[in-house]
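Sharing a structure with you now.
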Amino acid sequence: MFTGFFYALRRYGLDVSLNEWLTLMEALTLGLHGSQLTDFYYLARCILVKSEADFDRFDLAFAEYFRDVESVQELPDEFLEWLAKAAPQRDFDRDEVDARFGGGLDLEELKKMLAQRLSEQTERHDGGGKWIGTGGTSPFGHGGYNPAGIRIGGPGRQKSAVQVAAERDYRDFRQDAALELRQFQMAFRRLRNLTVKGDGPKDELQLDETIQATCDNGGFLKLAFDRPRKNDVRLLVLFDSGGSMWSYSHLCSRLFHAVHEASHFKELKTFYFHNCVYDDLFTTPECWYQDSADTKGVLQGLNSSWKILFVGDGAMAPSELLSRGGCLDYYRSNSDPGLAWLRRFAAKSAHVAWLNPIPQERWAYTWGNYTIGLIGREMPMFPLTIDGLDDALRHLMAPR
């Protein structure tokens, strides 16, 4: 019955395995869905979705496949007028209603019943159990209660499954979504899997490997050990501040807090610049020279073990990147082009990346596309999404 739902999930990018699907079928056989679509929604999501990042894709697939169970779009105007005037929900025995209508989902039968009601009904009905109306136990209408009906018009007071899915409460958890603080923290937490292993003895128990080794050993316990991971990450983060970056200031602020809350760095330094790096870096986002550091001094304090992450849109006038004196500060003049400074950072460490908050599909034609392209030739550039941050961190941690 739900084979089409399986393919809908696959179509929306969910990697649902055959074992997971069979587990869902077994759960249905056991009646764990409670013969209600809403319970089926939560049951299926629990079994088939591996990460909260996939909740939104699941909701999209669910809303598409089960949309006809939830609402009917084409109704005579007079029905819509009747349903717009909802009557108060009357008291009724829900156990009795469940016993009458909770025998399982049969969409085709519901559609036939609805078509019959549409052909026979001649007036408004409220509080009943048969006709299309409000406030009752009929399978058709709204404002009442029925465990296996089709809601038509009105708000979903019982938070039905398709309504829950259509609200897409988890769209911000998607891997390709722009990052919020929680998503930044999740991404940096993955550094635990990217930290290096020491050279000492293998004295840290590996639980997953122990379970697998024990299974491979016919059930006889076989312990698996490995060297503990060592926090050896030194990270320098350089934030573009001001100008075109004001649109992304809140986003960058969240990234800043997530970086400083992460406990996976042996050493962390953060500085700011405006549009491009010149002779000075700043210790505050206001980019005041009284709170600045000499860029040459910062570079001298780095070695090849440092990871360097630039955060900025890369959009500026070409002269700001390519010309001497391109710095926009009236009282300052850079003797070296900004591009020369970027090359010095890239030469200092093989672990350099640039995070760009502009959506990647716009890099080729947005204002500043020329300078974005030039920077991308000097160092790998990634979009400021969860996937992009993941890719950037993996690039920074990759052995050279």
Side-chain angles (χ1 to χ4, degrees), residues 233-249 251-253 255-257 259-260 265 267-358 363 366-382 384 392 395-396:
V233 178
R234 294 175 173 86
L235 180 65
L236 170 66
V237 187
L238 303 168
F239 290 93
D240 186 359
S241 180
S244 58
M245 282 297 293
W246 284 123
S247 301
Y248 311 105
S249 59
L251 185 64
C252 290
S253 175
L255 173 60
F256 175 86
H257 288 297
V259 168
H260 280 266
F265 308 116
E267 196 169 353
L268 172 67
K269 295 180 180 180
T270 56
F271 292 98
Y272 297 86
F273 62 92
H274 178 58
N275 283 355
C276 192
V277 175
Y278 301 111
D279 302 71
D280 299 280
L281 291 170
F282 304 94
T283 56
T284 66
E286 290 79 16
C287 295
W288 292 331
Y289 281 97
Q290 61 265 35
D291 299 316
S292 64
D294 180 63
T295 307
K296 286 184 179 179
V298 173
L299 276 169
Q300 289 172 356
L302 306 177
N303 56 39
S304 59
S305 68
W306 278 81
K307 324 296 180 185
I308 304 173
L309 183 63
F310 288 86
V311 182
D313 58 12
M316 66 194 85
S319 60
E320 296 178 72
L321 186 64
L322 301 174
S323 302
R324 295 179 179 180
C327 177
L328 292 179
D329 194 309
Y330 181 81
Y331 299 100
R332 299 278 173 165
S333 179
N334 54 297
S335 57
D336 296 323
L339 189 62
W341 284 107
L342 295 182
R343 287 172 175 166
R344 288 167 186 160
F345 277 96
K348 197 69 176 182
S349 173
H351 305 87
V352 182
W354 187 292
L355 282 174
N356 195 325
I358 298 176
W363 291 355
T366 190
W367 181 86
N369 62 80
Y370 180 66
T371 54
I372 292 173
L374 289 177
I375 294 172
R377 295 190 190 99
E378 300 299 326
M379 60 188 68
M381 184 176 289
F382 303 90
L384 191 48
H395 170 77
L396 294 180

Exercise. Compare every heavy atom of V352 with every heavy atom of H395, then report the nearest pair and how far apart it is.
Key: NE2-O, 3.1 Å
Quiz item: Considering all heavy atoms of both residues, which atom of V311 and which atom of F273 are nearest to each other, and what is their separation?
Solution: O-CZ, 4.3 Å
Using atom types as modelled, flag every donor-acceptor pair under 3.5 Å from a side chain in residues 299-306 to any protein atom, sequence neighbours excluded.
residue	atom	partner	partner atom	Å
N303	OD1	S305	N	2.9
N303	OD1	S305	OG	2.4

Self-check item: Residues forming a salt bridge (Lys or Arg N to Asp or Glu O under 4.0 Å) with R324, sequence neighbours excluded
Solution: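 None.
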Quiz prompt | All salt bridge (Lys or Arg N to Asp or Glu O under 4.0 Å) counterparts of E286, not counting sequence neighbours | solution = none
Self-check item: Residue pairs fulfilling salt bridge (charged side-chain N to carboxylate O under 4.0 Å, His left out) with at least one residue in residues 344-354, sequence neighbours excluded
Solution: D336-R344
Quiz item: Please, which pairs that meet salt bridge (charged side-chain N to carboxylate O under 4.0 Å, His left out) have at least one residue in residues 291-307, sequence neighbours excluded?
Solution: none
Quiz prompt | Minimum heavy-atom distance M316-N275, with the two atoms named | solution =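 Smallest heavy-atom distance, with atoms named: CE-O, 2.9 Å.
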Quiz prompt | Residues in side-chain hydrogen bond (donor to acceptor under 3.5 Å, both in side chains) contact with S241, at least two apart in sequence or another chain | solution = none
Exercise. Return the orientation label for the W354 and F310 ring planes: parallel under 30°, perpendicular over 60°, tilted otherwise.
Key: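 Parallel: the ring planes of W354 and F310 meet at under 30°.
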Exercise. Starting at OG1 of T371, measure out to CG of N369 and round the result to the nearest 0.5 Å.
Key: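 CG of N369 is found 7.5 Å from OG1 of T371.
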Quiz item: Looking only at heavy atoms, which two atoms of A293 and V298 are closest? And how far apart?
Solution: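 Looking at all heavy atoms of both residues, the closest pair is CB-CG2, 4.2 Å.
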Quiz prompt | Minimum heavy-atom distance between S244 and D313, given as atom pair plus value | solution =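 Smallest heavy-atom distance, with atoms named: OG-OD2, 2.6 Å.
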Quiz item: Is the number of heavy atoms from other residues, nucleotides or ligands within 6.0 Å of CH2 (W367) greater than 12?
Solution: yes
Quiz item: Looking only at heavy atoms, what is the nearest atom pair of L281 and F345, with distance?
Solution: CD1-CZ, 4.2 Å
Quiz item: Going through the distances and angles, do L396 and L235 end up as a side chain to side chain contact (heavy atoms under 4.5 Å, CB included)?
Solution: CA-CA 9 Å; L396 294 180; L235 180 65; 4.3 Å; yes
